[in-house]
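These numbers come from the heavy atoms of this one structure, side chains and all, not from hydrogens, waters or symmetry mates. Order of listing sets the numbers, starting from 1, for every ligand and every atom in it. Not measured: the values here are computed from a predicted model.
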Amino acid sequence: MTKDIIALASDHGGLEMKAMVAALLQEKGFGVLDLGAHDGQSVDYPDFAVAMAQVLKDGRATRGVLMCGSGIGISIAANRFAHVRAALVHDSYGARMCRLHNDANVLVLGGRTTGPEVAKECVEIFLATPFEGGRHARRVAKLAENGQA
Ligand code: RB5
């Protein structure tokens, strides 16, 4: 069975981590859609959040992983899109909870703040954990409504 396509994008601050995450996903049998950056030149993280939002919108990927130096800028940028629920995560607890309670469709990692082993663990948990639904579905629905205020 073909597994999901996972989109990856980062600025220069998350480039090394993106390569590591791509290798992990391929090893696990996921398809990888690499939206850049493709070299170490200094680039602007909002551009990569836009690229991620587009592929999630048009269905070219089902979920994504975004990275920048801290993970902060690119998560702010990604969450400007109502269909994106991007969770900046630093540990396995966050990776699990962002799926169980928030139905996050994008995991965000800081290339300069999170070590490779923790990052790999976060990716694996993020992809393996289902949304719990129930009362959390009501709350997640309100996230989209709040965007209209
Ligand atoms: C780039 O130097 C850095 O500002 C960026 O990767 C990110 O950490 C921004 O939030």
Distance-only donor-acceptor hits, side chain of residues 76-85, under 3.5 Å, sequence neighbours excluded:
unit_1	atom_1	unit_2	atom_2	d
N79	OD1	A86	N	2.9
N79	ND2	S75	O	3.1
N79	ND2	A86	O	3.0
H83	NE2	A53	O	2.8
R85	NE	N102	O	3.4
R85	NE	D103	O	2.8
R85	NH2	D103	O	3.0
R85	NH2	D103	OD2	3.4

Indicate yes or no: does K120 engage E117 in a salt bridge with an N to O separation below 4.0 Å.
->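 A salt bridge is present here (some side-chain N lies under 4.0 Å from a carboxylate O).
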
Per-ligand residue contacts, ligand 1, heavy-atom threshold under 4.0 Å |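 Lining ligand 1 at under 4.0 Å, by heavy atoms, one finds D11, H12, Y45, C68, G69, S70, G73, R112.
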
Which pairs count as ring pair (Phe, Tyr, Trp, His ring centres under 6.0 Å) when at least one residue sits in residues 26-52, sequence neighbours excluded?
->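 Every pair satisfying ring pair (Phe, Tyr, Trp, His ring centres under 6.0 Å) with a residue in residues 26-52: there are none.
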
Run through the side-chain heavy atoms of Ile, Leu, Val, Met, Phe, Trp and Tyr, join any pair under 4.5 Å, and report what else lands in L100's cluster.
->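 Members alongside L100: Y93, M97.
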
Find out whether L24 and E124 are in side-chain contact, i.e. whether some heavy atom of one side chain is under 4.5 Å from a heavy atom of the other.
->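 Yes, side chains in contact.
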
Quick one: does D44's side chain get under 4.5 Å of D11's, heavy atoms only?
->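 Sidechains of D11 and D44: no contact.
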
